[in-house]
Amino acid sequence: MHVIIAGNNEAEGSEAVTRIQQDTHNEKVEFLYCDLASMKSIRQFVQIFKAKNLCLHVLVNNAGVMLVPERKTADGFEEHFGLNYLGHFLLTNLLLKTTKESGTENLNARIITVSSATHYVGELNFDDLNSSCCYSPHGAYAQSKLALVMFTYYLQRQLSEDGCYVTANVVDPGVVNTDLYRNVCWPGRLVKWMAARLFFKTAEEGAATSIYASVAPELEGIGGCYLYNGQKTKSADISYNEDLQRKLWNESCKMVGIPGSA
C-alpha cells in the first residue's frame with residue numbers, strides 16, 4: 001500500500017516513515033502534518049491529501065490522549081472529546097467522498113476507528129459533552145471512547161443505506177505499552193512500569209487488530225463490528241441505541257460545522 005502517516009509530531013512521523021521504508025522496502029510511505037486538536041489543521045490536511053489525487057482504501061483513526069488535566073483544544077473543546085472523538089469525526093467526514101469513490105464491489109474501502117474497553121464505563125452527557133461543569137479525566141476519556149463506538153455504528157448504517165462500498169468497524173487494541181500513559185499519576189506510572197513487560201501488549205501487538213480490520217479478507221464487505229484480539233465481540237449495551245447514535249451524530253455535526261443527517 002501507499003501509506004500516509006498523519007500526525008502532529010513531524011520528527012517522530014519522519015522517523016516512522018524511515019523505519020517502515022527500511023523494514024519493508026516499500027518507498028511509498030510519507031508523513032503529513034495533522035493536528036487532530038485543531039479543526040483548521042484537519043481541514044488543511046484534507047486539502048493537501050486531496051491535492052495528491054490518491055484513492056483512500058483504508059482510513060485508520062488511531063490518535064488519542066488519555067487522562068490529561070482539564071484543558072481545551074484550539075477550538076475550545078475539552079481535549080479528550082475534541083481530539084479523541086471530534087477530530088476523527090471531522091476527518092472521516094471530510095474524507096468520506098474520497099473513500100466512497102475508492103471502494104468497489106469486489107474491494108470495499110474500510111474505515112477503522114480505535115476505541116478502548118474503557119468505553120464500557122463511559123456515559124454521554126449531552127448537556128455537557130465538554131465536561132465543563134464537573135471535570136473527571138477518567139470520565140472524559142471514557143466518554144470519548146464510547147462516542148467513537150457509537151459514531152462507527154451510525155456511520156455504518158448510513159453507508160449501508162446509501163449502498164456504498166465502504167465498511168466501518170471499531171477496534172479495541174487492548175492494554176498497550178505506549179506513551180499514552182504519560183498523564184497517569186505517579187503511583188499508576190510505577191504500577192505500569194512494573195506490569196508492562198508481563199501484562200501489557202507491545203505496540204506491534206496492539207496494532208494487530210487494526211491491521212486485521214484493515215486487510216483481512218474475511219472482513220470484506222462486513223462493517224458495524226466491535227473487534228478485540230481479532231474477534232467480533234459485544235460492545236456496551238448503550239452503544240447500540242440508534243436514537244442516541246443519531247443524536248450524537250447531529251450534535252457532533254453542529255460542533256464541527258458540517259451538515260447533519262435527517
Side-chain angles (χ1 to χ4, degrees), residues 34 36-40 42-43 45-46 56 59-64 73 75-101 103 108-116 118-132 139-172 213 222-227 234-262:
C34 181
L36 285 180
S38 165
M39 303 291 120
K40 179 180 178 180
I42 294 169
R43 293 180 183 277
F45 166 81
V46 171
L56 181 56
L59 172 63
V60 181
N61 292 319
N62 184 59
T73 67
D75 305 280
F77 302 120
E78 186 279 315
E79 191 168 4
H80 291 98
F81 196 76
L83 192 160
N84 294 0
Y85 171 63
L86 287 177
H88 291 121
F89 178 85
L90 178 62
L91 178 67
T92 301
N93 274 281
L94 294 181
L95 291 173
L96 204 52
K97 183 174 183 291
T98 304
T99 309
K100 290 177 179 179
E101 293 171 349
N108 285 196
R110 304 186 186 193
I111 298 171
I112 314 303
T113 297
V114 179
S115 181
S116 161
T118 311
H119 91 273
Y120 286 106
V121 296
E123 297 179 1
L124 287 175
N125 183 356
F126 284 102
D127 294 326
D128 187 23
L129 290 171
N130 278 307
S131 304
S132 55
Y141 177 70
Q143 176 181 247
S144 72
K145 291 301 180 178
L146 174 60
L148 288 169
V149 179
M150 299 178 74
F151 149 69
T152 300
Y153 292 165
Y154 189 79
L155 174 60
Q156 180 58 56
R157 288 218 321 279
Q158 286 191 315
L159 294 168
S160 298
E161 290 172 3
D162 293 343
C164 299
Y165 297 122
V166 182
T167 59
N169 288 301
V170 60
V171 305
D172 174 359
I222 297 175
C225 299
Y226 185 89
L227 302 168
K234 189 176 183 293
S235 57
D237 290 341
I238 193 175
S239 66
Y240 297 102
N241 186 311
E242 296 183 2
D243 291 334
L244 290 180
Q245 291 171 10
R246 183 181 300 103
K247 184 175 182 179
L248 174 65
W249 182 280
N250 287 322
E251 284 295 320
S252 303
C253 288
K254 293 176 186 176
M255 295 173 88
V256 303
I258 61 175
S261 61

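Computed from a prediction, not measured in an experiment: that's the story for all the values here.
Between H119 and the choices F151, Y226, Y85, Y153, the ring-ring contact (aromatic ring centres under 6.0 Å, His included) rule is met once, by Y226.
For T92, the side-chain hydrogen bond (donor to acceptor under 3.5 Å, both in side chains) test picks out N61, with sequence neighbours left out. For S144, the side-chain hydrogen bond (donor to acceptor under 3.5 Å, both in side chains) partners two or more places apart in sequence, or in a different chain, are N84. In this view, K254 and E251 satisfy the salt bridge (Lys or Arg N to Asp or Glu O under 4.0 Å) rule, not counting sequence neighbours. For E101, the side-chain hydrogen bond (donor to acceptor under 3.5 Å, both in side chains) partners two or more places apart in sequence, or in a different chain, are K97. Not counting sequence neighbours, the partners of A109 by the side chain to side chain contact (heavy atoms under 4.5 Å, CB included) test are T99, V166.
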Item to complete: Give the intermediate values and the outcome of side-chain hydrogen bond (donor to acceptor under 3.5 Å, both in side chains) for residues T152 and Q156.
Response: CA-CA 6 Å; T152 300; Q156 180 58 56; over 6 Å; no
Practice task
With side-chain contact (heavy atoms from CB on, under 4.5 Å) as the test, would you mind laying out the steps for L95 and V46 before giving the verdict?
Solution key: CA-CA 7 Å; L95 291 173; V46 171; 4.0 Å; yes
Output, in order, the C-alpha distance, side-chain angles, deciding distance and verdict of side-chain contact (heavy atoms from CB on, under 4.5 Å) for C253 and I258.
-> CA-CA 5 Å; C253 288; I258 61 175; 3.9 Å; yes
- Item | Audit row: M150, L244, side-chain contact (heavy atoms from CB on, under 4.5 Å) steps and yes/no | CA-CA 8 Å; M150 299 178 74; L244 290 180; 3.5 Å; yes
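Atom CD1 in I42 sits 8.0 Å away from atom CG in D75 (nearest 0.5 Å). Rounding to the nearest 0.5 Å places CG of L248 at 5.5 Å from CG of L124. The distance from atom CZ of F89 to atom CG of L94, rounded to the nearest 0.5 Å, is 9.5 Å. Between the CG atom in L155 and the CG atom in L148 there is a gap of 11.5 Å [rounded to 0.5 Å]. Distance check, rounded to the nearest 0.5 Å: CD1 of I222 to CZ of R110 gives 8.5 Å. From M255, atom CE reaches atom CZ of F77 across 5.0 Å, with rounding to the nearest 0.5 Å.
Residue Q143 comes nearest to L129 through the heavy atom pair NE2-O, 3.0 Å, listed as atom of the first residue, atom of the second, then distance. A pairwise comparison of heavy atoms in K234 and Y120 identifies O-OH, 2.6 Å as the closest pair. Here the shortest heavy-atom pairing between A63 and L36 reads CB-CD1, 3.5 Å. In this structure, L56 and L59 approach most closely via the heavy-atom pair CD2-CB, 4.4 Å. Residues S239 and Q245 come closest through the heavy atom pair O-NE2, 2.7 Å. For S131 against A140, the heavy-atom pair with the smallest separation is OG-CB, 4.1 Å.
In terms of modelled atom types and a separation under 3.5 Å, the side chain of N169 and the main chain of G224 share a donor-acceptor contact.
Note on residues 121-130: pairs passing side chain to side chain donor-acceptor pair (under 3.5 Å), not counting sequence neighbours, are D128-S132.
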